[in-house]
Visitor: 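Structure incoming, see below.
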Amino acid sequence: MIRLSQVSKTYLSGKNSLWALRAIDLEVKSGDFLVIRGPSGSGKSTLLNMLGLLDEPSSGTVTLKGTRVTYEDFDRLAELRSRCISFIFQAFHLNPVLSLEENVMVPLMIRRDISSNEKQRRVEEWIEKTGLTSHRHHRPDELSGGQRQRVAIARAMVGEPQLIIADEPTANLDSHTSRTILALMQELNREKQTAFAFATHDPVLDEFAKRSLLIQDGAFKQGL
Ligand code: ADP
């Protein structure tokens with residue numbers, strides 16, 4: 001579904017180039033459940049940014065569903081991203097003034113290809129699937145960490161993306177809540193073949209991974 005070929009990313013640090021990624025080859029297919037591990041500063045976030053089309057490689061190519069991604073047309077890229085890819089962040093990034101239900105609706109607001117009835121149906125479906133129906137009118141500050149992460153999952157799923165990218169999704173959760181959240185993601189992965197790509201330090205993720213990769217100094221060290 002998405003393929004990185006010989007993707008490198010360098011940042012300028014003073015007069016020197018810093019290599020955040022070195023000639024990475026990676027393919028994420030439909031139904032994948034991929035965990036990327038590695039020490040802090042090894043390139044995990046940079047790699048997720050490449051998979052999420054959030055940043056342009058310094059060299060190499062990114063191919064989405066057989067088409068090479070170009071980065072000049074920002075609006076086209078944002079449109080492409082909004083149809084195919086969702087993000088879950090460790091800090092949840094929910095809108096504090098909106099209710100749970102309104103937060104889940106946010107990604108659908110710009111979608112002109114989906115009717116309002118269908119939008120409402122999907123929001124209800126995902127609120128129910130994530131077990132949040134009785135909290136639908138609550139604001140994020142009235143929810144626990146685990147409930148907020150479930151809102152973030154519902155919001156990520158509502159657009160029915162092919163790929164969900166999650167940077168340290170369990171970092172703010174206790175291990176019991178982490179396992180519950182990961183089991184939910186695993187169920188969505190099985191049911192809808194949604195691909196997941198995680199970056200994490202959390203060993204709990206390895207219990208759920210279909211594939212685990214270790215990155216060090218911007219390059220993969222081993223496939224497990
Ligand atoms: P990780 O997510 O594994 O902690 P990152 O992908 O954030 O690693 O960073 C990889 C390397 O790239 C690090 O050395 C980091 O300092 C550097 N880096 C990341 N983003 C930037 C940036 N915007 N400008 C300069 N250097 C960066």
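Order of listing sets the numbers, starting from 1, for every ligand and every atom in it. Each residue takes its place number in the sequence, starting with 1.
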Visitor: Starting from atom 7 (O) of ligand 1, find the nearest protein heavy-atom neighbour and note its residue, name and distance.
Guide: S45 CB, 3.7 Å

Visitor: Which heavy atom of the protein is the closest neighbour of atom 8 (O) of ligand 1, given with residue, atom name and distance?
Guide: G43 N, 3.1 Å

Visitor: Would you compute the distance between atom CD1 of I127 and atom CG of N103 and round it to the nearest 0.5 angstrom?
Guide: 9.5 Å

Visitor: Within a strict 4.5 Å, meaning less than it, do heavy atoms of the I114 and R122 side chains meet?
Guide: yes

Visitor: Hey, is atom 11 (C) of ligand 1 under 4.0 Å from any protein heavy atom?
Guide: yes

Visitor: Touching ligand 1 at all, G38? Heavy atoms, strictly under 4.0 Å?
Guide: no

Visitor: Pick, from K44, M50, K9, Q216, the option with the minimum heavy-atom distance to atom 3 (O) of ligand 1.
Guide: K44

Visitor: Within the 4.0 Å heavy-atom shell around P39, which atoms of ligand 1 are there?
Guide: 3 (O)

Visitor: Just so I know, are the side chains of L213 and L26 near enough to count as touching, which here means a heavy-atom distance under 4.5 Å?
Guide: yes

Visitor: Among all protein heavy atoms, pick the one closest to atom 14 (O) of ligand 1 and tell me residue, atom and distance.
Guide: L18 CD2, 3.6 Å

Visitor: So which protein heavy atom does atom 1 (P) of ligand 1 come closest to, and at what separation?
Guide: G41 N, 3.5 Å

Visitor: In terms of side-chain heavy atoms, does K210 have a donor or acceptor partner in N189 at a distance below 3.5 Å?
Guide: yes

Visitor: Checking D167 against S45: is there a side-chain donor and acceptor pair closer than 3.5 Å?
Guide: yes

Visitor: List every atom of ligand 1 that sits less than 4.0 Å from any heavy atom of A20, numbering the atoms from 1 in the order shown and giving each element.
Guide: 11 (C), 12 (O)

Visitor: Measure the distance from atom 23 (N) of ligand 1 to every protein heavy atom, then report the residue, atom name and distance (to 0.1 Å) of the closest one.
Guide: Y11 CE2, 3.6 Å

Visitor: Using the ring of each side chain (for Trp, its six-membered ring), is H138 parallel, tilted or perpendicular to H135, with breaks at 30° and 60°?
Guide: perpendicular

Visitor: Looking at I36, is its backbone amide N or carbonyl O close enough to the side chain of K44 to form a donor-acceptor pair, meaning the two atoms are under 3.5 Å apart?
Guide: no

Visitor: For atom 6 (O) of ligand 1, find the nearest protein heavy atom and state the residue, atom name and distance (0.1 Å precision).
Guide: T46 OG1, 2.5 Å

Visitor: Is there a side-chain contact between V151 and T130 in this structure, where contact means two heavy atoms from C-beta onward sitting under 4.5 Å apart?
Guide: no

